Amino acid sequence: MKKRSIYIAMSAIAAAGLLASCSSDYLDVKPKTDISEAQLTDPSAAKSLIGGIYEAMNCQYAKLEVNQNVGEAQVNICCGEAAGSDLNCGLWTALPGLRTWSYITDPGSYMTVLPWMYYYNLINLSNYMIKSIPASSEDHAGLEGELLLYKAEALTMRAHAYTRLLGYYGNRWEDSDNGETYCIVIRTEPGTDPTPLRKMNEVLNLIYSDLEEACKLYDASGMDRSAKYEANKSVALGIWARAAMIKHDWQTAADKAAEARKGYSIMNESDLFAGFFTDNSEIMWSMDPTELTTYYWSWGSHYACNGAYVNNWQIGAGAINIDLYNEAKKISGNDLRLKFFWTPDKLAEIPRSFNPGKIKESDFWNPKMVDKNNILNMAGTDVYDRTGKDTLGYGMLNCLGWWLNNYRENVFTGKAADIANDDNQYNSFILDYTGKDVKKAVRLGRDANGNNMYAMVLTTPFGVQNKFWSYQPYGNMAMPWMRASEMALTEAEAYYMLGDQGKARTALNEVQSKRIPGYTSTRSGESLLDEIRVSRRIELWGEGFNFLDLKRWNVERVRRIWKANDTTSGNCVPDEQAGMSEADVARIQSVKYCNGWRFALPSREYNYNDSVNVGLLKKIPNQ
């Protein structure tokens, strides 16, 4: 059976919570509900199961109406980013209750069920592996190194799932009574038997013990993973650092983050602009970049800037909150990460010949140039008419067409052949050699063969990103799940909280010096902490950390809406706060809102699990 068939079979089993029978042709028989320990101690069977766990992080879930639901990446973008402050995303802006967070307290909403369903699925599969391999770091005589590796990976995956569940469904540490508040259920055996709610400290103790044992087993196995979508000791240590950050266990966070990133280096400028769809020296853990099980469901087809659905659905590929952009720019206007985004200051890069109409930064708040009724897309009015017969003049799309094409040609460092669609569609624009629609076409010049090139600008919101690109035609990519920069910034934050600002600056500057040429931070006190946090937000933008970080930091979620002709306003979609008073806005952005940002326990759990007492969950008054 081919690898694709194996993974599809295992992923289907994962979704059903079942395992395959194990005979000589065990992959070709229908799944059964039981499997003996002896069967999974066959390395080939164990290898298939661990492969199924990883494919469950990448495979299709739900029905076509949510066809971008591909596991880990979907949870990261919906819950980790769209629910935070820094991402404006067309796919989620219109979702009822997302921006007001009413869904967080709804136990039946898609958004509260999604992470619970997904991560307990990973836990259930991991439990099968952990139970079925009777090896420990203290006693593993007679078992092959390969089996020790697979058990270590299963322990790592279980710890990862519980860490993320704790981030969404647990209280922030300041509200947790030092970890004694109830949060989620713990399952360490295969299946879904009734089990009660457990305290945060109990979950953290399990995470710590799983990761400690996993690290010992990795060492005992003498082996390593075969691909970066799999876990290894570095990933286990990185997850340990993440869990420690939730607990404010700063020394553990600093130590584990430093150890986790050994052997990885902060990416250079060339890798930074390569589109994040291929591997590099910094990526520690990432999505499986093959298209064998996702095709057009892939994360990149919906969220990469050259994704197929980006233009078909007129949603854009996600845009940055201008307030974060400006905070990063205040640290240094030379920050390379600022190049990713279409923002007012980019007009300074446009040659005069492409902006003779002198479009100004203030025009990003001009209702003729920005469509407030369509997720702040750059509007189709005042477009360059190359025939000269009309008086439309040179507008925003003319400038944007030049900037998008210039980014593709002169900033993007990946392989052009990897990102090009057959119809010449790139990020929010199409290269057109005929210029048929002259009222929307921007003449860019001539190609290498002397042909005239025109840019047909499509769906491009205020602040749209060019950070994430994908392979064509299906949009598959190696979306990063853990990077060395994250670990360095974790060290910086942890050392700051430990009172060692010297070590905090050193760790921070490992990242900042690669992102801001010639820069070294000399900040101290609160100013240093601010820079660490802003650097983390801009560095990890779009990768699934924003909501969880803001919650950890116990700070408000600020989203300022776009207001016509008000250059002091933000760039979040006006509908987010439609009909709200200033008091309403302040309330939904406070740290107390929705039980202190704790996702509601899904009704699917307590309706069948009669051991759960939801009355044990701490209620935080909204102020």
Side-chain angles (χ1 to χ4, degrees), residues 273 275 304-306 310-311 314 316-317 319-320 322 325 329 333 336-366 368-371 376-388 390-414 416 419-421 423-467 469 571:
F273 293 113
C305 66
N306 62 324
V310 167
N311 293 314
Q314 297 187 1
I320 193 171
I322 193 66
Y325 184 93
K329 189 175 181 180
L336 296 173
R337 294 165 294 201
L338 302 180
K339 292 185 179 182
F340 289 136
F341 307 102
W342 172 245
T343 48
D345 55 347
K346 298 303 189 299
L347 291 173
E349 303 174 14
I350 311 299
R352 290 184 60 185
S353 59
F354 284 88
N355 187 19
K358 299 180 181 179
I359 299 300
K360 306 177 294 298
E361 291 191 17
S362 60
D363 286 321
F364 276 71
W365 287 268
N366 182 340
K368 284 188 175 181
M369 302 292 181
V370 180
D371 186 353
L376 300 185
N377 281 337
M378 299 294 106
T381 57
D382 292 346
V383 187
Y384 170 41
D385 171 26
R386 71 182 183 89
T387 66
D390 296 322
T391 58
L392 293 177
Y394 288 75
M396 181 71 77
L397 295 187
N398 192 64
C399 298
L400 181 55
W402 181 90
W403 183 79
L404 290 168
N405 191 60
N406 181 69
Y407 189 100
R408 179 185 64 90
E409 289 190 337
N410 299 312
V411 181
F412 176 73
T413 56
I419 64 171
N421 277 313
D423 61 1
N424 282 319
Q425 178 175 304
Y426 290 92
N427 52 330
S428 305
F429 76 106
I430 294 175
L431 284 180
D432 182 8
Y433 291 91
T434 66
K436 291 179 181 177
D437 192 344
V438 296
K439 291 187 178 182
K440 292 184 179 179
V442 179
R443 184 179 180 277
L444 299 171
R446 298 181 185 275
D447 66 7
N449 298 317
N451 298 313
N452 279 324
M453 292 190 304
Y454 301 94
M456 303 280 289
V457 180
L458 301 172
T459 306
T460 308
F462 183 164
V464 77
Q465 61 90 10
N466 281 339
K467 177 179 178 178
W469 295 70
N571 71 322

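Index from 1, following the sequence. All figures in this text were calculated on a predicted structure; none of them were measured in a lab.
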Asker: Under the side chain to side chain donor-acceptor pair (under 3.5 Å) rule, collect the residues that match up with Asn449, sequence neighbours excluded.
Answerer: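 Testing Asn449 for side chain to side chain donor-acceptor pair (under 3.5 Å), a comparison that skips the adjacent residues, returns none.
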
Asker: Can you list the residues that meet the side chain to side chain contact (heavy atoms under 4.5 Å, CB included) rule with Ala319, with sequence neighbours excluded?
Answerer: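 Testing Ala319 for side chain to side chain contact (heavy atoms under 4.5 Å, CB included), a comparison that skips the adjacent residues, returns Asn88.
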
Asker: Which value, rounded to the nearest 0.5 Å, describes the distance between Thr460 atom OG1 and Leu400 atom CG?
Answerer: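 Result: 4.5 Å between the selected atoms.
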
Asker: For the atom pair CG (Asp363) and CG (Leu347), what is the distance rounded to the nearest 0.5 Å?
Answerer: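 Rounded to the nearest 0.5 Å, the CG-CG separation comes to 8.0 Å.
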
Asker: Test of understanding: with side chain to side chain donor-acceptor pair (under 3.5 Å), list the residues that count as partners of Asp345, not counting sequence neighbours.
Answerer: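 With sequence neighbours excluded, Asp345 shows a side chain to side chain donor-acceptor pair (under 3.5 Å) to Tyr325, Lys329, Thr343, given in chain and number order.
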
Asker: Quick one: pull up SG in Cys399 and CD in Glu349 and give me the separation to the nearest 0.5 Å.
Answerer: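 Atom-to-atom, Cys399:SG and Glu349:CD are 11.5 Å apart.
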
Asker: Of all residues at least two apart in sequence or in a different chain, which pass the side chain to side chain donor-acceptor pair (under 3.5 Å) check with Glu361?
Answerer: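 Side chain to side chain donor-acceptor pair (under 3.5 Å) list for Glu361, sorted by chain: empty.
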
Asker: Just verifying a value: how many Å separate Leu431 CG and Leu444 CG, rounded to the nearest 0.5 Å?
Answerer: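 With rounding to 0.5 Å, CG (Leu431) is 6.5 Å from CG (Leu444).
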
Asker: Return the CZ to OH distance between Phe429 and Tyr454, rounded to the nearest 0.5 Å.
Answerer: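 Phe429 CZ to Tyr454 OH: 15.5 Å, rounded to 0.5 Å.
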
Asker: Please list, chain by chain and in numerical order, all residues satisfying ring-ring contact (aromatic ring centres under 6.0 Å, His included) with Phe340, sequence neighbours excluded.
Answerer: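 For Phe340, the residues satisfying ring-ring contact (aromatic ring centres under 6.0 Å, His included) (neighbours in sequence not counted) are Phe273.
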
Asker: Looking at every non-hydrogen atom in both residues, tell me the closest pair between Lys346 and Leu338 and how far apart they are.
Answerer: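 Scanning both residues, the minimum pair turns out to be NZ-O, 2.8 Å.
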
Asker: Which of parallel (below 30°), tilted (30 to 60°) and perpendicular (above 60°) describes Trp365 and Phe462?
Answerer: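 Because their plane-to-plane angle is over 60°, the rings of Trp365 and Phe462 count as perpendicular.
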
Asker: Using the test side chain to side chain contact (heavy atoms under 4.5 Å, CB included), find all partners of Asn406 that sit at least two apart in sequence or belong to another chain.
Answerer: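 Listed in chain order: Trp402, Asn410.
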
Asker: What closest approach, in Å, do Trp403 and Lys339 show between heavy atoms, and which atom pair accounts for it?
Answerer: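 Scanning both residues, the minimum pair turns out to be CZ2-O, 3.6 Å.
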
Asker: Identify the two heavy atoms, one from Trp469 and one from Cys305, that lie closest to each other, and give their separation to 0.1 Å.
Answerer: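 Closest pair (atom of Trp469, atom of Cys305, distance): CE2-SG, 3.2 Å.
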
